[in-house]
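Data block below; observations after.
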Amino acid sequence: MFILTKIADLVQIEPKDFNKQSVIAIEDNINAKYSNKASTLSHIEFRMVVFRPFQGEVLIARILNQSKEGINLATDFFHDIFIPAAELPDEAEFKAEEGLWVWNVDGTDLYYDNNETVLFEVLSEEWHDQAPSAPTDAGDQPASELQPPYKIRGSMKAEGLGCTLWWWDPQDEEEQDQDQEEPEEGN
């Protein structure tokens, strides 16, 4: 596993080490240059938890930003989720002056505000090869044009999807709290 090797090298002692004994200064420099520099290759097998939602799964995320093309979402650990405009409710429209999507329901405007928590359904996933390519004459591709290695495409068309505040009724929570507080009869 180990072998003894003879190495000839020129070791530089910096002025800050002049106060040390020569042997110690040389040993410190050799250790700094050669210690823990070797590596090994090992065959391993392991299990890993990987984020990979299934088609039709409903997830919770936050709105990052919006454009006329759709809405970009993110979870705490994943930022490449896109809801295309066609996957928003039919009555939703993009308000360019506000930079937000608005869903008009029976004359009431419901806003998709940035940083708002939303529920969305996973429609599909996209994989993009990240293999390095040969340099081109025009230079490297700008970072803005690079595709993420993994991207989720979702929908907020179905009932119950969209901003969670739209579907949350504080009165339901109060009734649930009251039910839990009432003691059972007969005890």
Side-chain angles (χ1 to χ4, degrees), residues 46-185:
F46 61 94
R47 298 185 322 171
M48 180 187 299
V49 176
V50 178
F51 175 66
R52 180 136 185 232
F54 57 85
Q55 188 174 356
E57 185 173 2
V58 174
L59 299 175
I60 191 165
R62 287 197 179 276
I63 297 175
L64 280 181
N65 53 56
Q66 306 174 51
S67 68
K68 65 181 180 178
E69 286 78 30
I71 300 176
N72 289 300
L73 308 177
T75 66
D76 290 338
F77 56 89
F78 186 75
H79 297 270
D80 293 312
I81 304 168
F82 182 66
I83 310 298
E87 293 302 331
L88 295 170
D90 293 334
E91 301 81 15
E93 64 177 302
F94 184 70
K95 303 278 187 180
E97 63 279 358
E98 297 180 52
L100 300 173
W101 279 89
V102 179
W103 180 25
N104 186 292
V105 180
D106 300 326
T108 302
D109 285 342
L110 300 174
Y111 288 82
Y112 291 89
D113 290 320
N114 288 338
N115 297 314
E116 200 63 52
T117 302
V118 295
L119 293 172
F120 73 97
E121 179 182 5
V122 175
L123 291 182
S124 63
E125 56 188 2
E126 298 174 15
W127 294 92
H128 301 280
D129 186 13
Q130 298 295 303
S133 58
T136 61
D137 292 337
D140 291 334
Q141 187 177 13
S144 61
E145 294 179 21
L146 294 176
Q147 292 286 337
Y150 178 65
K151 186 174 185 176
I152 295 173
R153 192 172 149 269
S155 174
M156 289 195 278
K157 256 189 173 183
E159 187 173 322
L161 301 179
C163 294
T164 55
L165 290 175
W166 300 344
W167 308 108
W168 176 73
D169 185 358
Q171 189 163 356
D172 287 346
E173 191 172 288
E174 287 175 17
E175 290 172 6
Q176 190 176 26
D177 289 344
Q178 288 174 355
D179 290 343
Q180 291 175 356
E181 291 174 7
E182 293 176 13
E184 293 182 28
E185 290 183 27

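Not one N or O on the side chain of Lys68 forms a donor-acceptor pair closer than 3.5 Å with the backbone of Ala85. At least one donor-acceptor pair closer than 3.5 Å links the side chain of Glu57 to the backbone N or O of Phe54. Without hydrogens or angle criteria, Gln66 side chain to Tyr112 main chain gives a donor-acceptor distance under 3.5 Å.
Residues Asn115 and Asp113 form no side-chain contact, since every pair of their non-hydrogen atoms from C-beta on lies 4.5 Å or further apart. The side-chain heavy atoms of Leu110 and Cys163, taken from C-beta on, include no pair separated by under 4.5 Å. Within the 4.5 Å cutoff, side-chain heavy atoms of Ile63 are placed close to those of Leu73.
Between Trp166 and Trp103, the angle of the ring planes lies from 30° to 60°, which puts this pair in the tilted group. Note: Phe77 and Phe51 have perpendicular aromatic rings, judged against thresholds of 30 and 60 degrees for the angle between ring planes.
The heavy-atom pair separating Pro148 from Asp80 by the smallest distance is CB-OD2, 3.3 Å. Closest of all the heavy-atom pairs between Val122 and Pro53 is CG2-CB, 4.0 Å. Nearest heavy-atom pair, Pro84 versus Gly154, reported as atom, atom and distance to 0.1 Å: CD-O, 3.4 Å. Nearest heavy atom pair, residue Glu91 against residue Asn104, reads CB-O, 3.3 Å. Residue Ala61 comes nearest to Ala74 through the heavy atom pair CB-O, 3.3 Å, listed as atom of the first residue, atom of the second, then distance.
Distance CD/Glu121 to CZ/Arg153: 11.0 Å, rounded to 0.5 Å. To the nearest 0.5 Å, the span separating CG on Leu59 from OG1 on Thr75 amounts to 8.5 Å. How far CG of Leu161 is from CD1 of Ile60: 11.5 Å, rounded to the nearest 0.5 Å. Rounding to the nearest 0.5 angstrom, the gap separating the CZ atom in Phe120 from the CD atom in Glu87 is 12.5 Å. The CZ atom of Phe82 sits 9.5 Å away from the CD atom of Glu126 when rounded to the nearest 0.5 Å. One finds the CE atom of Met156 at 9.5 Å from the CG atom of Leu119 (value rounded to the nearest 0.5 Å).
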Steps toward side-chain contact (heavy atoms from CB on, under 4.5 Å) verdict (Arg52, Tyr150): CA-CA 10 Å; Arg52 180 136 185 232; Tyr150 178 65; 4.1 Å; yes
Stepwise side-chain contact (heavy atoms from CB on, under 4.5 Å) check, Asp90 with Lys157: CA-CA 8 Å; Asp90 293 334; Lys157 256 189 173 183; 3.6 Å; yes
